[in-house]
**Student:** 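Please read through the structure below; I'll follow up with questions.
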Amino acid sequence: MGQEKEREERSRVFAGYCRRSRSHGAGVTRAIFLHCLPAHRGDEVTDEVIDGPQSRVWDEAENRWYTEQALLYMLITGEERWERMG
């Protein structure tokens, strides 16, 4: 955000870094794909990889969600103890 003017230059410079299925796990069948989100589909990663069987993106996002929930609870209530909700 705030770097819209640099989009073309960044696209050119980082074009070779998009994670595609043929390069992801090439020769490494147990490799997994993680991303902290939000992902720029087509620029950083293809749909095939982020939605594929080796992706753990949504598991990672869920783990982060619990951390964010605990932090918000602490900030709102002032209590340091938090137990998982739901």
Side-chain angles (χ1 to χ4, degrees):
M1 295 199 315
Q3 299 171 338
E4 288 79 13
K5 293 178 184 177
E6 300 174 14
R7 181 167 173 78
E8 286 183 35
E9 176 66 15
R10 288 176 179 269
S11 294
R12 185 184 62 75
V13 170
F14 291 110
Y17 292 96
C18 181
R19 183 55 62 196
R20 293 173 173 77
S21 64
R22 70 171 182 266
S23 62
H24 178 71
V28 184
T29 57
R30 293 174 32 168
I32 62 171
F33 178 75
L34 297 171
H35 194 288
C36 60
L37 298 179
H40 294 252
R41 291 174 181 250
D43 292 333
E44 297 177 327
V45 61
T46 61
D47 291 339
E48 184 179 16
V49 172
I50 198 167
D51 296 328
Q54 292 177 270
S55 174
R56 299 297 181 271
V57 171
W58 309 116
D59 296 328
E60 182 180 11
E62 181 182 12
N63 290 339
R64 189 180 69 217
W65 181 73
Y66 292 118
T67 303
E68 292 167 351
Q69 208 175 24
L71 180 60
L72 284 172
Y73 181 84
M74 187 185 77
L75 291 171
I76 292 169
T77 66
E79 295 179 30
E80 292 186 24
R81 182 180 170 150
W82 179 80
E83 294 183 24
R84 182 177 172 181
M85 297 176 183

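A quick note: this is a predicted structure, and the numbers were derived from the prediction, not measured. The first residue in the sequence is number 1, and the count goes up from there.
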**Student:** Test Glu9 against every option in Arg12, Arg7, Lys5 by the salt bridge (Lys or Arg N to Asp or Glu O under 4.0 Å) rule and name the one that passes.
**Tutor:**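 The passing option is Arg12.
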**Student:** For the pair Ser55 (side chain) and Asp51 (backbone), establish whether a donor and an acceptor sit closer than 3.5 Å, ignoring hydrogens and angles.
**Tutor:**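 Judged by distance alone, no pair lies under 3.5 Å.
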**Student:** Taking Glu60 for its side chain and His35 for its backbone only, find out whether a donor-acceptor pair lies under 3.5 Å.
**Tutor:** yes
**Student:** Any donor-acceptor pair under 3.5 Å linking the side chain of Gln54 with the backbone of Phe33?
**Tutor:**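 Looks like no, no N/O pair under 3.5 Å.
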**Student:** Taking atom CG of Leu71 and atom CD1 of Ile76, what is their separation to the nearest 0.5 Å?
**Tutor:**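 With rounding to 0.5 Å, CG (Leu71) is 9.5 Å from CD1 (Ile76).
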**Student:** What is the distance from atom CZ of Arg64 to atom CG of Asp59, rounded to the nearest 0.5 Å?
**Tutor:** 12.5 Å
**Student:** Show your working on side-chain hydrogen bond (donor to acceptor under 3.5 Å, both in side chains) between Tyr73 and Gln69 and close with a plain yes or no.
**Tutor:** CA-CA 6 Å; Tyr73 181 84; Gln69 208 175 24; over 6 Å; no
**Student:** For Glu8, look at atom CD and say whether over 12 heavy atoms of other residues, nucleotides or ligands are found less than 6.0 Å away.
**Tutor:**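 No - once you tally the heavy atoms of other residues, nucleotides and ligands closer than 6.0 Å, there are 12 at most.
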**Student:** Would you give the length of the straight line joining atom CD1 of Ile50 to atom NE2 of His40, rounded to the nearest 0.5 angstrom?
**Tutor:**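 It comes to 10.5 Å.
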